[in-house]
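Start at 1 and go down the list; that is how both ligands and their atoms are numbered. If you read the sequence from its start, that first residue is 1, and numbering goes on from there. Quick note: numbers below take in every heavy atom, side chains included, and nothing from hydrogens, waters or symmetry partners.
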Amino acid sequence: MSYINENFLELQDSYLFSTIAKKVAKFTEENPDKKIIKLGIGDVTKPIVPACLEAMHKAVNEIGTAEGFKGYGPEQGYDFLRKAIVENDYKQRGIEIEEDEIFVSDGAKCDCGNIVDIFAKDNKVAITDPVYPVYLDTNIMSGREITYLPVTAENNFKPELPKEKVDMIYLCFPNNPTGTVLEKEELKKWVDYARENKSIILYDSAYEAFITEENIPHSIYEIEGAKEVAIEFKSYSKTAGFTGVRCAYVVIPKQLKGYTKAGKEVSLNQLWNRRTCTKFNGVSYIVQRAAEATYSPEGKKQIEENIKFYLENAKIIKQGLEEAGFTVYGGVNSPYIWLKVPEGMTSWEFFDRLLEEVNIVGTPGSGFGPHGEGYFRLTAFGTKENSIEAMNRIKRTNIR
Ligand code: PLP
C-alpha cells in the first residue's frame, strides 16, 4: 500500500480562475453580440522583445554546431548569466552579491514552492492575506503551522509584525494582488524582526521592474543586514515577457544560516545548492542567453518601453476608477489595481454585476484569501484601447 501525504487533503480547492472562466463562457454563450473586456489577466501580452529573440535565434544556431553544442549545463546557471545578474541587478544598485549566491531557475513559482524543501516542518510561517497562493499552498502541503498577516486598507496594506515568534516570513512587494509597496523604513522593520528572531524572510520581488517611486526598495538587500536573513526571488516573466519562455533566479547569500535542532548553524546557500544539484538540471542554454540579453542596452530599452506601456494602462484604469468614484490602491508601482467594491457588495457580486452590466472581467479579491473580500483586482496587461473603453463603460454605470 502506498500512503499519501495527507497534508494535500488540507488544501482548499482553487475554484477562482475556473469559476471565472465558467461564468464568462456562460455569459458569452447567452450574449454572443457583447464585447467582453478582460482585465483579469495575470499574464503579460506584449511579445518577447527583439533583443531576446535575437539572442535565442543565435543560441539555437550555435547548439546546432559541433563547437557550439551544449549538453547539460551547470545546475545553478551559466556563468555569463550569473555575472550579468550580479552586475546589473545588484552592483549597479550598490549591492554586493556574489555569483555563487545566484541560482538560475525555470520560474519564481517553482522557486517559491521548492524552497520549503530545505526548511523543517515545524517552522512557524507568516503569510500575508490576501496573497499569491503558492506560498500558502506549498506550506500546507508540507504541514507547517501558518500565521496570517492581514493586509487591508485598515493597515494601509502594510502587514503588522506578528505578535508571536515566527520562523519564516513571506513578503511580496510590489504585491500581487494588491499592487501596493513597502517603503524602505517599513521593510527595515521586517529585516530587524528577522535578525532579532533568527527568522528567514522569503522576499518575492517578481514585480520589481514596475517600481516608479523613490524610496521603494528594488531589492531587500538595500536594507542593512538583509543578507543575514533574506532569500530573494526574481523573475523575467513580467519584465521581459518570459511567462512562457521560463526563467527566474533566487538569491541565497552565503551569510544566511539555518539551524539544526541542536542549535548548529548551517549555510542555506549550501543546502539549496545540494538540493538544486540533486533535483534540477538547469535552465536551457537558449533561454539563459535570452535572459542575458535583457541586460543589453537594446534589451533594457525595449523592456522599459513594455513596462511603460503597462504602467500607462495602470494609470488609465486607476484614474478612470477614481473618476467613477471608487477607492483604488496599487497601479503606481505595479500592473495590479486593487479597488474597494461598493459597500454591501461581496467581491463575487461585484464580479457578476461588472460582467453582466458592462461586460468587464476582473478577479474577485476573496479568491486571494479571506481578507481580500470586499476588494477586486484589475490588471494593466490588456490593450490601451480596452483599458480606456473599460473605464468609459464603468463611468456610465451606476454600480457604486
Ligand atoms: N511571484 C508572484 C508574486 C507572481 O504573481 C507570479 C506570477 O504571477 C510569480 C511569482 C511567478 O513567476 P514565474 O513566472 O517566474 O514562475
Quick check: does any side chain N or O of [X] sit under 3.5 Å from a backbone N or O of [Y], one acting as donor and the other as acceptor?
{"X": "T138", "Y": "V134", "answer": "yes"}
{"X": "S142", "Y": "R144", "answer": "no"}
{"X": "N123", "Y": "D167", "answer": "no"}

A cation-pi test, strictly: NZ or CZ of [X] under 6.0 Å from the centre of the six-membered ring of [Y] and no more than 45 degrees from its axis. Yes or no?
{"X": "R377", "Y": "F368", "answer": "no"}
{"X": "K340", "Y": "Y375", "answer": "yes"}
{"X": "K238", "Y": "Y207", "answer": "no"}

Run the numbers for me: atoms of ligand 1, each under 4.0 Å from some heavy atom of [X], listed by number.
{"X": "C172", "value": "3 (C)"}
{"X": "S237", "value": "13 (P), 14 (O), 15 (O)"}
{"X": "S235", "value": "12 (O), 13 (P), 15 (O)"}
{"X": "G107", "value": "15 (O), 16 (O)"}

Tell me, which protein residue and heavy-atom name are nearest [atom], and how many Å apart are they?
{"atom": "atom 11 (C) of ligand 1", "value": "Y132 OH, 3.3 Å"}
{"atom": "atom 7 (C) of ligand 1", "value": "K238 NZ, 3.4 Å"}
{"atom": "atom 1 (N) of ligand 1", "value": "D204 OD2, 2.6 Å"}
{"atom": "atom 16 (O) of ligand 1", "value": "R246 NH2, 2.7 Å"}

Note to self: Under 4.0 Å between a side-chain nitrogen and a carboxylate oxygen: does that hold for K158 and E183?
What the structure shows: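 Yes, K158 and E183 are salt-bridged.
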Next item on the list: Indicate yes or no: does an N/O atom of Y336 lie under 3.5 Å from an N/O atom of ligand 1?
Entry: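 Between Y336 and ligand 1 (N or O atoms, distance only) the closest approach is not under 3.5 Å.
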Any atom of ligand 1 sitting under 4.0 Å from a heavy atom of [X]?
{"X": "Y207", "value": "yes"}
{"X": "G42", "value": "no"}
{"X": "T243", "value": "no"}

Checklist line | Ring center gap for F381 and Y310 short of 6.0 angstrom | finding: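 Ring centres of Y310 and F381 closer than 6.0 Å.
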Item checked: Residue among R396, R353, R393 satisfying side chain to side chain contact (heavy atoms under 4.5 Å, CB included) with V358 -> R393
Notebook entry, point to check: Which part of A108 is near ligand 1, with near meaning a heavy atom under 4.0 Å away: side chain, backbone, both or neither?
Noted result: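 It is both backbone and side chain that touch ligand 1.
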Notebook entry, point to check: When you look for heavy atoms under 4.0 Å from ligand 1, do you find them on the side chain of Y135, its backbone, both, or neither?
Noted result: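 Just the side chain.
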